[in-house]
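Notes for the one structure printed next.
The sequence lines fix the lettering, A, B, ..., with proteins before strands; numbering per chain opens at 1. Heavy-atom basis, side chains included; hydrogens, waters and symmetry copies ignored.
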Amino acid sequence: VFVKRGRLDMTASNHQETIRVLLVEDSPSVALQIRTLLGDDSPEGSFALAGAGNLATALELARQSAFDLILLDLGLPDSQGLDTFVEVHGKVPHIPIIVFTGLDDEHLAMETLRMGAQDYIVKRDVDARILKRAIRYSIERKKLVAELEQSKHELAQKTIRLIQIEKMTALGELTAGVAHELNQPLNAIKIICDDILRDIANNRFSPTQLDGSLGEAIGEIDRMAEIIDHMAVYSRRPTYLPMKLINSAVPINGALKLLGQQLRNSEIEIVREIDENLCLLGDAPRLEQALLNIIVNARDAVIPHKHKTKMRITLKTYLNGGDDQERTYLVYEVGDNGVGIPEPLKEKIFDPFYTRKEPGEGTGLGLSVARQIVKEHGGRIEVDSTEGQGSTFTVLLPGGTKQQLT
Amino acid sequence: MTITTDNKQILYHAAKSTDELRRLFHDLRQPLNAISVIAQELRLDANKDRLDTESLPRRMKEIESAVGELINQLDQLRDVVKSNTADDG
């Protein structure tokens with residue numbers, strides 16, 4: 001596709017085609033020179049020139065009619081230097097621009113190349129051959145870049161859908177598990193109802209007993225609600241909406257708001273080393289849920305050690321350059337001095353429905369959902385653990401200081 | 001990576017099924033909440049000794065019918081998964 005549209009088109013279809021050029025130049029003599037240079041009809045096709053002597057006219061013309069290319073002098077009566085380029089490129093980003101420059105401001109022209117100009121030409125050096133070639137190359141290059149951008153976009157879209165398929169497969173397995181999980185409490189509720197109805201029919205019914213039975217039923221309902229809510233999160237389409245810049249302390253404070261009292265009641269000490277200056281792009285409620293699940297996991301890991309040691313959960317945030325140092329990660333660290341995780345289970349703990357708790361106590365979805373959410377934020381979770389001494393969960397997310405991200 | 005028309009269709013189905021699954025999970029909450037509300041009301045009445053024994057069987061039946069609805073919805077969930085697996089194969 002690229003070869004056909006790119007190189008072949010230049011020789012084949014540009015034959016006798018008119019290239020529409022907007023010349024933005026305040027010096028009448030230079031403008032005349034350019035007109036003359038582009039004037040003769042060449043075998044490769046001709047040029048149609050429209051001229052503008054200042055920025056306002058140039059923008060007006062570019063808006064009104066379609067141009068294939070803009071030749072732009074940066075020094076205009078109503079705009080100077082880089083601003084001129086930024087203005088024009090910003091208004092008509094799809095039109096390739098060649099910048100005209102004097103000998104003394106070549107560095108400025110180089111700067112425009114970095115900002116998206118296709119080429120620059122030093123006014124004194126310009127001749128017909130150089131100019132025409134620059135124009136043709138610029139138009140073709142811009143076309144290729146646009147096609148490349150389009151392909152990149154399509155590839156990203158396809159990747160997103162492939163991730164969805166993968167998730168769908170996982171979801172299929174999950175759903176079968178969930179349906180099974182939900183059947184048990186449902187049957188329990190059914191039996192409770194039957195018992196109550198039978199007691200009423202046989203006149204053996206007592207309010208105290210009803211209270212107890214319904215309490216049981218409500219317990220089952222809560223368990224079901226927890227499973228369903230976790231599944232709702234899990235089956236959500238990954239968000240590709242632009243995420244918001246949030247302070248990294250927000251999700252962790254949110255999680256502690258929900259859990260703090262409970263942790264204090266269990267006499268678990270919370271050590272906080274939170275850097276309030278760190279930020280990340282993300283969805284605060286979902287990150288809060290991920291961190292909450294990890295902290296709940298830490299809580300359940302320290303409680304069995306209640307009589308051995310002072311139970312402690314450490315929460316830290318800091319920046320980490322990563323192995324390659326190319327990317328800065330914001331790290332949430334959740335450490336505990338609990339039971340630890342045996343080596344063979346370190347990957348398994350993230351599997352949906354994997355739990356080491358007693359049946360009915362945990363859904364086995366907490367860490368799985370946490371990992372899902374972190375993944376959607378472009379991050380990952382790592383685990384370091386020593387059996388009998390404790391575990392450290394490290395959540396790495398793309399982030400940085402507020403200054404870096406704004 | 002080439003995406004053929006066949007693949008496109010699978011992709012389309014996958015995305016659709018995910019949405020459907022999510023909706024079905026969401027729908028489960030409704031009968032569940034209904035059961036929860038009735039059970040809590042009855043419990044409160046029982047505790048305050050103002051239980052209406054006349055309407056009690058009817059309310060218990062309401063719980064049972066919500067349970068039945070949930071079981072139906074779970075079956076539907078299983079069907080979505082099953083048809084989706086069949087698509088993949």
Side-chain angles (χ1 to χ4, degrees), chain A residues 154-155 157-162 164-169 171-176 178-180 182-183 185-187 189-190 192-197 200-201 203 205-218 220-222 224-225 227-238, chain B residues 1-3 7-8 10-29 32-33 35-36 38-51 53 56-57 59-64 66-68 70-71 73-78 80-82 84-85 87-88:
Chain A
E154 278 168 19
L155 189 64
Q157 290 298 317
K158 280 164 190 165
T159 311
I160 288 167
R161 284 191 235 133
L162 277 181
Q164 270 305 110
I165 289 199
E166 194 201 354
K167 202 165 124 185
M168 194 58 216
T169 318
L171 257 182
E173 287 164 27
L174 261 180
T175 307
V178 167
H180 182 73
L182 292 178
N183 258 338
L186 268 180
N187 283 329
I189 295 170
K190 228 170 145 183
I192 292 169
C193 288
D194 284 346
D195 285 351
I196 295 172
L197 281 169
I200 296 169
N203 261 332
F205 150 85
S206 88
T208 331
Q209 213 177 344
L210 180 79
D211 178 52
S213 304
L214 289 174
E216 254 174 71
I218 289 168
E220 299 289 353
I221 291 165
D222 289 345
M224 292 177 72
I227 296 172
I228 292 169
D229 290 347
H230 274 98
M231 280 308 291
V233 172
Y234 203 83
S235 59
R236 230 166 101 156
R237 263 176 199 249
Chain B
M1 182 169 58
T2 333
I3 304 286
N7 287 342
K8 264 188 192 157
I10 295 173
L11 288 166
Y12 173 73
H13 279 301
K16 228 179 83 177
S17 318
T18 314
D19 285 346
E20 201 175 348
L21 267 185
R22 196 182 50 209
R23 187 176 53 75
L24 287 170
F25 274 118
H26 183 76
D27 288 352
L28 289 174
R29 280 310 299 255
L32 200 64
N33 289 342
I35 300 173
S36 182
I38 300 171
Q40 287 185 37
E41 276 173 9
L42 287 177
R43 219 179 153 198
L44 204 67
D45 287 351
N47 278 331
K48 296 206 166 160
D49 220 13
R50 55 173 193 215
L51 203 62
T53 38
L56 189 57
R59 308 229 69 193
M60 294 311 295
K61 291 236 163 68
E62 278 170 14
I63 293 184
E64 282 199 319
V67 169
L70 272 169
I71 289 172
Q73 287 176 349
L74 284 178
D75 285 344
Q76 246 180 300
L77 261 176
R78 281 201 201 86
V80 171
V81 174
K82 221 185 280 168
N84 195 64
T85 323
D87 278 356
D88 285 350

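Heavy atoms of A:I200 lying under 4.5 Å from chain B belong exclusively to its side chain. Using a 4.5 Å cut-off between heavy atoms, A:D194 contacts chain B through both its backbone and its side chain. For B:L24, no part lies near chain A; criterion is any non-hydrogen pair under 4.5 Å.
Here A:L197 contributes atom CG and B:M60 contributes atom CE; the two are 5.5 Å apart, rounded to the nearest 0.5 Å.
Side-chain atoms of B:Q40 and B:S36 include a donor-acceptor pair closer than 3.5 Å.
Heavy-atom pairs under 4.5 Å with chain A peak, among B:D75, B:D45, B:L56, B:I63, at B:L56.
For B:E64 and B:K61, the salt-bridge test fails: no basic side-chain N is under 4.0 Å from an acidic carboxylate O.
Counting only heavy atoms from C-beta outward, the side chains of B:I71 and A:K190 approach each other to under 4.5 Å.
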